[in-house]
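So the structure is just underneath, and the comments pick up after that.
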Amino acid sequence: MTVDTHKETLGFQAEVTQLLDLMIHSLYSNKEIFLRELISNASDAIDRLRFAMLSDESLHENDSELQIHVAYDKDARTITVSDNGIGMSRDEVAEQIGTIAKSGTREFFQSLTGDQQKDAHLIGQFGVGFYSAFVVADKVTLTTRHAGFTPEHGVRWESDGQGAYTLETIEKPTRGTDVVLHLREGEDELLNGYRLRSIIRKYSDHITIPILMKVEDKDKQEEERVNSASALWTRPKNQISEEEYTEFYKHIGHDFDEPLGYVHSRMEGTQEYILLLYIPSRAPFDLWNRDSRHGVKLYVRRVFIMDDAEQLMPTYLRFVRGIVDSNDLPLNISREILQHNRLIDTIRANAVKKILGLLTDLATKDQEKYATFWQAFGRVLKEGLAEDHANHETIAKLLRFASTYSASETQDVSLEDYVARMKEGQDKIYYLIAESFAATKDSPLLEIFKKKGVEVLLLSDPVDFLLEAELGEFQGTPLQSVSRGEIDLSKLKVDQEEKDKEEQQESPGETQQLLERLKTALGERVKEVRLTTRLTTSPACLVVDEHDIDPSLQRLLKAAGQSIPSAKPILEINTHHPILLKLRNEGDEKRFADWAFVLFDQSVLSLGEKLDDPISFVNRLNDLLTQV
């Protein structure tokens, strides 16, 4: 293997420079987490070495005691974090330290707000813990050698965090990585053994690797273990404090916030495994990148196997963080084997049930926390309707919507709430989908429902179109879109005066003639013109046939480049409206046709759609207004 020995000075990727500046200013109030992040990186490196040694025992290089060392030097004003993990090659150092080679980088920076406290959370979620060293250090030196490489393949990386770094090949006798922090002025309080020990015990006691420090006795040279070094998830629940659960979540979730909740479960019997799963309290910046997975880590008998084990959690629960530790899987298991493993299927099914059970408990016992969850992850959970038919009913109960009950944009109405408030004689759950909440709450399609006091769910998330295909009924009550098919509210209990008023009909012959004239004027634009059962104050509206595609969904599919069959809308008219009363007696066929097109175009606009020919609409309307 050729050794590249030259020393070079390279510029940071622009995003790294930006990130360093953000971290120094945003994280300063919580600067002690730099040690947690560096120890976490060291632990990950040792986990990866353990896994690699399963297939190549030579990687231990006669150094099988896997440890993390923390040291400080008051005279040199340095803190050093060392590990004997997998280490890095020169190319890996340049790639992993000098750049942010991550999908979603642009989205991350676009999501930054300028608020230091909020941005600190996003920085943690982005998972760039190494750079936190620059919060307390004005120079960082990293030396490393990849396990299995010869000593002359060591690498030194050094930077002051000002936009550039040096990289050179050196001789390093031992594998692993040493990170030396040259502290900034004013950070001398960190050059204290007791201070460093308190930070380690606070943030990293759960790390399964022994963390060693020199004893605070000048006459002794030996080291002592600072952390308990036992896998937290293997301990009995009654021996783990809430603080320990929280710190473990922050370690595996790269988060600065506390989780909303967690579930810790041990399965024993024919299959033995442990689940420790968390619900975060806020969404990561890349939540909507369905390929981005940071969630569940897989261990086999306390040995780390892999990150992002997508077979352990479905995509709609991609926000879940945690670990699964199995006693029965083989240590050399691969992603390919995971795809065809019955035990993995069993673990996944149980993990999903535990998470959905946790969410159900939150929804039942702590509605404030569940509201926080729904605001962050509700749209993702809705994907479960299409992905997880085995838990369809449970997911349906967890869904929340806005509705006409409160006319608020807040999604806090459950299907159970809706059913409990249904009017006497009501036999359907009604909903309306539109591009925005404003378009739903002001839609003319709601007029008859508002008049009769019938609640309608107001849906404005693109994922809500899954409802139509995946949620046909809830506990025996069918769901119906108010923009599709005919609406029949005749079974509702109404007072006699209202019933008599509704039964007053104008001449059937005149009405039929009006419908036919409008259909003739509009021609191929409409499938049908009929009397409305929806409108009370608006003159007309457009709906689709029971089995046709909703207009909003048509627009989304076309925008995504999908080819869909054309479906003509149905024009419904309110014959009690003054415009329609006037049109009965309109003898000028051109003016009648202009009114027909205006009514059609107004109905298109009320759906939130764009007109195919807005100029013609404006010209017709202006002509009609001048004739009034």
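Because the structure is a prediction, the values reported are computed rather than measured.
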Exercise. Using the ring of each side chain (for Trp, its six-membered ring), is Phe130 parallel, tilted or perpendicular to Trp157, with breaks at 30° and 60°?
Worked result: perpendicular
Seminar exercise, completed: With sequence neighbours left out, the residues meeting ring pair (Phe, Tyr, Trp, His ring centres under 6.0 Å) with His251 are His206
Exercise. What residues, two or more places apart in sequence or in another chain, satisfy salt bridge (charged side-chain N to carboxylate O under 4.0 Å, His left out) together with Glu61?
Worked result: Arg145
Exercise. Who pairs with Lys172 by side chain to side chain donor-acceptor pair (under 3.5 Å), at least two apart in sequence or on another chain?
Worked result: Thr174
Problem set entry | Results of salt bridge (charged side-chain N to carboxylate O under 4.0 Å, His left out) for Arg50 - residues two or more places apart only | Asp47
Exercise. Sequence neighbours excluded, which residues qualify as salt bridge (charged side-chain N to carboxylate O under 4.0 Å, His left out) partners of Glu216?
Worked result: Arg197
Problem set entry | For Ser241, all residues meeting side chain to side chain donor-acceptor pair (under 3.5 Å), sequence neighbours excluded | Glu244
Exercise. Who passes salt bridge (charged side-chain N to carboxylate O under 4.0 Å, His left out) against Glu223, sequence neighbours left out?
Worked result: none
For this session: Please list all pairs passing the ring-ring contact (aromatic ring centres under 6.0 Å, His included) test where one or both residues lie in residues 210-247, with sequence neighbours left out.
Result: Trp233-Phe248, Trp233-Tyr299, Tyr245-Tyr262, Tyr245-His264
For this session: Apply side chain to side chain donor-acceptor pair (under 3.5 Å) to Asp56 and list each qualifying residue two or more places apart in sequence or on a separate chain.
Result: Ser58
For this session: Could I get the full list of side chain to side chain donor-acceptor pair (under 3.5 Å) partners for Asp138, not counting sequence neighbours?
Result: none
Give the table of side-chain donor-acceptor pairs shorter than 3.5 Å for residues 350-359, with sequence neighbours excluded, one pair per line with atom names and distance.
| unit_1 | atom_1 | unit_2 | atom_2 | d |
| --- | --- | --- | --- | --- |
| Asn350 | ND2 | Tyr273 | OH | 3.2 |
| Lys353 | NZ | Asn391 | OD1 | 3.4 |

Problem set entry | With sequence neighbours excluded, residues passing side-chain contact (heavy atoms from CB on, under 4.5 Å) with Ala52 | Leu59, Ile86
Exercise. Is a side-chain donor or acceptor of Asp205 paired with a backbone partner of Asn227 at a separation under 3.5 angstrom?
Worked result: no
